[in-house]
Protein chains: 2
Amino acid sequence: MVSIIDVARAAGVSNKTVSRVVNGEPYVTPEMRERVERAIRDLGYVPNMAARMVRSSRSRTFGIITDYVSTTPYSGDIVRGIQDWATANGKIILLANTGGDPERELSIWNTFRSHQIEGVLYVTMYHRVVDPEAGDVDLPTVLINCHPGSRVDLPSIEPDDTQGSLDLTRYLLARGHRRIGYIRLNPILLGGEQRYEAFRHATTEAGIPENDIIVRLGMEGPVGKETNYVYSAARDILSDENRPTAIMCGNDEMAIQVYLAALHLGLRIPEDVSIAGFDDFQTLSLALKPELTTAALPYYDLGFKGTERLNQLIEIPADRPSRVVVPCELIERGSVSSK
Amino acid sequence: MVSIIDVARAAGVSNKTVSRVVNGEPYVTPEMRERVERAIRDLGYVPNMAARMVRSSRSRTFGIITDYVSTTPYSGDIVRGIQDWATANGKIILLANTGGDPERELSIWNTFRSHQIEGVLYVTMYHRVVDPEAGDVDLPTVLINCHPGSRVDLPSIEPDDTQGSLDLTRYLLARGHRRIGYIRLNPILLGGEQRYEAFRHATTEAGIPENDIIVRLGMEGPVGKETNYVYSAARDILSDENRPTAIMCGNDEMAIQVYLAALHLGLRIPEDVSIAGFDDFQTLSLALKPELTTAALPYYDLGFKGTERLNQLIEIPADRPSRVVVPCELIERGSVSSK
DNA sequence: AGCGCATTTGACGACGTCGTCATATAAATT
DNA sequence: AATTTATATGACGACGTCGTCAAATGCGCT
């Protein structure tokens with residue numbers, strides 16, 4: 001471990017002068033600066049963050065706490081967004097995941113305090129309501145991809161499932177679809193409900209009669225262990241001779257099964273039936289042929305902007321908790337045709 | 001910030017006694033211990049890791065450095081495995097990603113040194129050959145999901161694509177398939193080549209004539225921007241009147257397109273054509289109907305065991321670089337039938 | 001020459017923790 | 001009774017950094 005003192009010795013100056021050079025402080029002659037910089041290069045000196053933290057009691061570290069449900073792998077993009085903001089702004093990220101265990105969650109909060117964390121990003125892998133076990137601790141916290149429950153009042157940043165679904169539905173309606181099937185996501189998912197409500201809202205608004213909306217529940221049960229009816233629901237809907245001209249799916253994953261069901265019945269996509277997804281999970285949406293028209297969950301942005309927001313919260317602690325919503329962009333590809 | 005001294009004052013003991021209690025050292029009377037523990041609870045004391053690091057110059061921290069190609073989201077499981085081992089063994093994880101930029105990579109190594117990292121996990125998002133830019137730095141490093149290039153000699157832990165593909169091919173052969181299609185992964189992917197070679201090896205070994213093996217390249221080009229021929233390749237293979245009875249795919253993502261192509265041609269899966277994938281990316285393999293028979297990439301284990309290995313390396317620095325290979329388990333589901 | 005001011009450098013201590021050593025008491029051995 | 005040994009507690013300093021303050025130098029002005 002080469003310290004500031006080693007550098008000072010090598011450059012023949014005091015440790016404080018080295019400190020000044022390292023931190024870009026004024027009042028150092030160019031000549032001194034030069035000498036110190038060479039010593040730093042020669043010795044391969046890197047400042048010791050731990051010592052800095054002890055000295056300044058500022059860690060420049062944010063903690064991520066996730067529930068890490070591995071069934072939704074795409075939400076890893078949230079972490080990428082967080083990382084990118086952090087790196088660009090000289091912050092360090094400490095990652096921890098609860099595995100859903102509240103006891104673990106408490107111990108994580110302690111770990112965070114131990115590391116002098118300045119703020120916490122509470123990230124869920126699907127859009128839902130949460131009650132962080134923060135308890136006594138009151139670190140600045142931003143909820144990402146989730147919504148505060150009754151016990152807490154925290155700022156959050158969430159995808160606008162409602163707007164996304166509204167846009168998607170209107171897109172379908174604008175293309176002349178008047179009889180539409182809808183396969184619902186698990187009702188315990190916040191996003192699922194918002195998407196469905198928005199769909200209903202848009203169709204009602206367009207004057208589509210109740211009878212022309214065919215709704216099926218695609219899955220239910222606890223997250224990660226749900227039973228899945230999508231394939232049979234899709235077959236069911238599409239077997240009817242008065243079948244809808246389009247099917248909207250709770251998410252892209254469901255869309256696969258609808259594709260398969262449709263093809264199995266000899267229907268062409270999108271000529272015989274149009275299909276729309278949700279999420280824009282590209283491993284799926286681009287693998288499907290024709291590629292899937294869908295609404296993109298802004299995961300990367302959620303992470304990036306959420307972190308930016310946390311930083312604000314830390315610098316200006318006055319600002320009030322609030323909810324920020326990020327739009328879901330409509331991604332037009334080949335699975336929806338005009339009627 | 002409540003420090004060990006505050007606790008000592010509150011408990012009416014010396015700071016060293018508190019230190020002893022906190023670290024579970026002997027030579028403390030139960031009575032003293034009790035008193036200190038209450039003070040700790042009352043004040044909500046948590047040890048300051050930064051100070052510990054300065055004192056002991058041991059950080060108990062591992063760094064993860066990834067190339068983070070977002071096209072392969074499932075490899076997030078590697079990170080989960082790392083996390084789990086780390087949490088279970090009291091280690092902290094620092095995450096950083098290069099975004100593929102070598103300059104960034106160098107600055108990350110410095111950040112790591114700055115944080116007194118004890119070891120590095122170099123993780124790639126797909127199985128490939130790498131040359132870490134470690135340069136001057138020589139921190140204990142384990143490569144996860146990648147293989148050292150010529151410039152370095154580092155221990156690695158990798159999936160056994162060869163064994164997985166061998167098992168899968170033999171499984172098909174055992175079920176009587178004698179004419180088999182194979183859609184190859186991008187040739188620049190190490191795993192892709194290994195899988196293909198193993199496939200060829202197994203079929204040759206079983207005496208399948210060259211003519212009964214129909215091979216197509218499914219994709220090529222730089223990772224993340226490849227052109228994809230899978231769908232048309234599958235149509236092509238399956239349109240032939242002397243079509244194979246089974247198709248093996250470079251990975252699960254390709255299998256989707258093969259499903260779609262088969263169904264489009266009115267073929268039933270698995271009655272008319274059997275399909276096998278690779279990876280067991282469950283968002284896909286379980287969404288397909290019938291569910292996909294495939295070989296599971298041991299991502300979680302790669303992370304978990306890789307971290308364990310890194311820890312060994314740190315504790316017993318004597319041990320030689322070596323390559324560990326983790327088997328890919330055959331996952332039997334419904335997409336392959338007997339001939 | 002004397003003064004004020006800006007610039008440049010360094011000595012010193014504190015942040016929180018824990019290893020080292022010294023001291024104090026009690027129990028066990030001679 | 002004298003001693004060794006085991007147990008229990010604390011004083012002190014060092015880890016690497018940087019803020020505070022003091023000191024030294026040079027310059028322009030009266």
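We name chains A, B, ... by the order of the sequence lines, and we start the count at 1 in each one. Hydrogens, waters and symmetry mates play no part in the numbers below; they use all other heavy atoms, side chains included.
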Need one value for A/M53: base, sugar-phosphate or nothing, where a base atom within 4.0 Å counts as base even if backbone is also close, heavy atoms only. nothing
Do the side-chain N or O atoms of A/T17 get closer than 4.0 angstrom to the phosphate oxygens (OP1, OP2) of C/dG10? yes
Taken in chain and number order and not counting sequence neighbours, the residues that satisfy salt bridge (Lys or Arg N to Asp or Glu O under 4.0 Å) with A/R41 are none
Atom OH of B/Y27 and atom P of C/dT20 are separated, to the nearest Å, by 15 Å
In degrees rounded to 10°, what angle is found between the helical axes fit to the five outermost pairs at each end of the helix from C/dA1-D/dT30 to C/dT30-D/dA1? 50°
Under-3.5 Å N/O pairs linking protein and nucleotides 24-28 of chain C:
none

Side chain to side chain donor-acceptor pair (under 3.5 Å) between B/S322 and B/R309: does it pass, once the steps are laid out? CA-CA 11 Å; B/S322 74; B/R309 201 158 147 48; 2.9 Å; yes
Listed partners of A/Y45 passing side-chain contact (heavy atoms from CB on, under 4.5 Å), at least two apart: A/V2, A/I4, A/V7, A/V22, A/I40, A/P47
With sequence neighbours excluded, tell me which residues meet salt bridge (Lys or Arg N to Asp or Glu O under 4.0 Å) with B/R33. none
Under 4.0 Å protein heavy-atom contacts per nucleotide of nucleotides 12-22 of chain D, with B for base, S for backbone only and - for none: -BBBBBBBB--
Under the side-chain hydrogen bond (donor to acceptor under 3.5 Å, both in side chains) test, which residues partner B/D84, sequence neighbours left out? B/Y300
Once salt bridge (Lys or Arg N to Asp or Glu O under 4.0 Å) is applied, do any residues pair with A/R104, and if so which ones, sequence neighbours excluded? none
Rounded distance (Å) that lies between atom C1' of C/dT7 and atom CD of A/E31: 14 Å
By salt bridge (Lys or Arg N to Asp or Glu O under 4.0 Å) - contacts of B/E118 (at least two apart): B/R58
Check side-chain contact (heavy atoms from CB on, under 4.5 Å) between B/V46 and all other residues, then give those that pass, not counting sequence neighbours. A/N110, A/R113, A/S114
Once side-chain contact (heavy atoms from CB on, under 4.5 Å) is applied, do any residues pair with A/N311, and if so which ones, sequence neighbours excluded? A/F62, A/W85, A/K91, A/E315
A/S14: what forms a side-chain contact (heavy atoms from CB on, under 4.5 Å) with it, not counting sequence neighbours? A/K16, A/T17
